[in-house]
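Order of the sequence lines sets the chain letters (A, B, ...), proteins ahead of strands, with each chain counted from 1. Keep in mind that what you see is a predicted model, and the values were worked out from it rather than measured.
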There are 2 protein chains.
Amino acid sequence: MADNPLTPSERARVGLWLRLARCYNLAMRDLRAGLREECTMPQFDVLAQLERSPEGLTFSALSEKLLVTAGNLTGIVDRLEKQGLARRETNPADRRQTFIKLTDKGREYCDKIIPQHTHDIAKLFGGLSDNAVQNLRADLEQLSTMLSKQVEHAET
Amino acid sequence: MADNPLTPSERARVGLWLRLARCYNLAMRDLRAGLREECTMPQFDVLAQLERSPEGLTFSALSEKLLVTAGNLTGIVDRLEKQGLARRETNPADRRQTFIKLTDKGREYCDKIIPQHTHDIAKLFGGLSDNAVQNLRADLEQLSTMLSKQVEHAET
DNA sequence: TGTGGATACTTTAGGTTTATATAGTCACTT
DNA sequence: AAGTGACTATATAAACCTAAAGTATCCACA
């Protein structure tokens, strides 16, 4: 059994990561249950992005925003298309690209489901004071930009 | 287009959730890459739990700790068993229960891979000061207990 | 001694995710 | 004008994940 020079500083960072993951999973579980019977979480994420971009979004744009691989989006968009909520539209100027857009039905659907989901989120985090929310939000904003840099740097 | 009474307070909570999810996904992506070729993240999570419990863990205990459904664990443990890293052991006192334990090979494997993963985490979060880590860790701890209560309460 | 209810794991069906491979398209170079 | 390399979307296999239904076991109580 190799004696393991685990410094307090390392231990604290592991603890940070475990708690971050736990919060994410707890919230995810609750919010998924709120959407159930409506649509899946990844499908909702795509719809919510499309709703903000009436001009449509390409697979790569969605991929960056949602931190999901483009290969993955193929299937999600397939299912949204099958439900009549979204549609593909090839870019005539660059036939490699495909714009994904909401259908009218998809837009109606968003008008219903986005406020509902927003309400679920507000309720789930309702136990925090507005002040605590502001602080945590700012800290996580800072953390996410740090992580972006870190990951980007590690790739090179 | 229904005009949408989205209060600043709600908006802030949605922002908190989006940033939490973004941090989780960024970190997950990086840490998964560090484990690749070794084992998958869910398999690692199970191994790390087993390593702390030499007496073994039941599916339900693992399910609670990892926030993963028991049905899901069946497959993960199957794969660990196939790799010779873990084994099932029926509880003679209650034959409904199964203890999952590390094999010797599994223990050796953990001795190697856990410190490596710990190092990856420490490096990924290395950009934060020890102080910032402590604060964020405490805030997330508080958030996770609040979410647990909230979810539990919602179930009733 | 049954019998009903609870518990523990497995199974099934539908989705999601990653990694990898493939093919079409475009821009730029030679 | 053809070739190279990069970008975009798709296809596939293996793993993961949830919810819900199914099976075996245990326990309390009549």
Using side chain to side chain contact (heavy atoms under 4.5 Å, CB included) as the criterion, list what pairs up with D104(B), not counting sequence neighbours. R107(B)
Whole-Å distance separating the CG atom of D30(A) from the C1' atom of dT18(D): 15 Å
Report the distance from atom CG of L31(A) to atom CD1 of I121(A), rounding to the nearest 0.5 Å. 5.5 Å
Which pairs with one or both residues in residues 81-91 of chain A pass salt bridge (Lys or Arg N to Asp or Glu O under 4.0 Å), sequence neighbours excluded? D78(A)-R88(A), E81(A)-R88(A), R87(A)-E89(A), E89(A)-K101(A)
Salt bridge (Lys or Arg N to Asp or Glu O under 4.0 Å) contacts in which one or both residues fall within residues 127-148 of chain A, not counting sequence neighbours: D130(A)-R13(B), E141(A)-R19(B)
Its 5'-most and 3'-most nucleotides having an atom under 4.0 Å from a non-hydrogen atom of chain A, DNA chain C is contacted over dG15(C) to dC26(C)
Spacing between L35(A) atom CG and dT18(D) atom P, to the nearest angstrom: 15 Å
Which whole-number value in Å describes the distance from F59(A) CZ to dT10(D) C1'? 9 Å
Can you name the ring-ring contact (aromatic ring centres under 6.0 Å, His included) partners of Y24(B), sequence neighbours left out? W17(A), Y24(A)
Starting at atom CD1 of I100(A), determine the distance to atom C1' of dA9(D), rounded to an integer number of angstrom. 10 Å
Any residue of residues 60-78 of chain B with a heavy atom less than 4.0 Å from an atom of DNA chain D: L67(B), V68(B), T69(B), N72(B), I76(B)
Applying ring-ring contact (aromatic ring centres under 6.0 Å, His included), can you list everything that pairs with F99(A), at least two apart in sequence or on another chain? none
Compile the donor-acceptor pairs under 3.5 Å between side chains in residues 47-60 of chain A and protein atoms, sequence neighbours left out, one pair per line.
unit_1	atom_1	unit_2	atom_2	d
T58(A)	OG1	A61(A)	N	3.1

Can you list the steps and then say if T103(B) with Y109(B) is a side-chain contact (heavy atoms from CB on, under 4.5 Å)? CA-CA 10 Å; T103(B) 60; Y109(B) 190 68; over 6 Å; no
Contacts to DNA chain C from residues 38-51 of chain A, heavy-atom cutoff under 4.0 Å, which residues? T40(A), P42(A), Q43(A)
How long is the straight-line distance from CG of L62(B) back to CD1 of I100(B), given to the nearest 0.5 Å? 5.0 Å
Pairwise side-chain contact, V68(B) with P42(B), heavy-atom cut-off 4.5 Å (strictly under): no
Measure the distance from CZ on R79(A) to P on dA11(D) and round it to the nearest whole Å. 12 Å
Rounded to the nearest 0.5 Å, how far apart are CG of L147(A) and CZ of R29(B)? 12.0 Å
Kindly give the atom pairs (protein nitrogen or oxygen, nucleotide nitrogen or oxygen) under 3.5 Å for nucleotides 22-24 of chain D.
none

For F44(B), the ring-ring contact (aromatic ring centres under 6.0 Å, His included) test, sequence neighbours excluded, returns H117(B)
Roughly, in whole Å, what's the span from CG in L80(B) to P in dA14(D)? 18 Å
Under the rule for side chain to side chain contact (heavy atoms under 4.5 Å, CB included), what residues qualify as partners of E108(B), not counting sequence neighbours? none
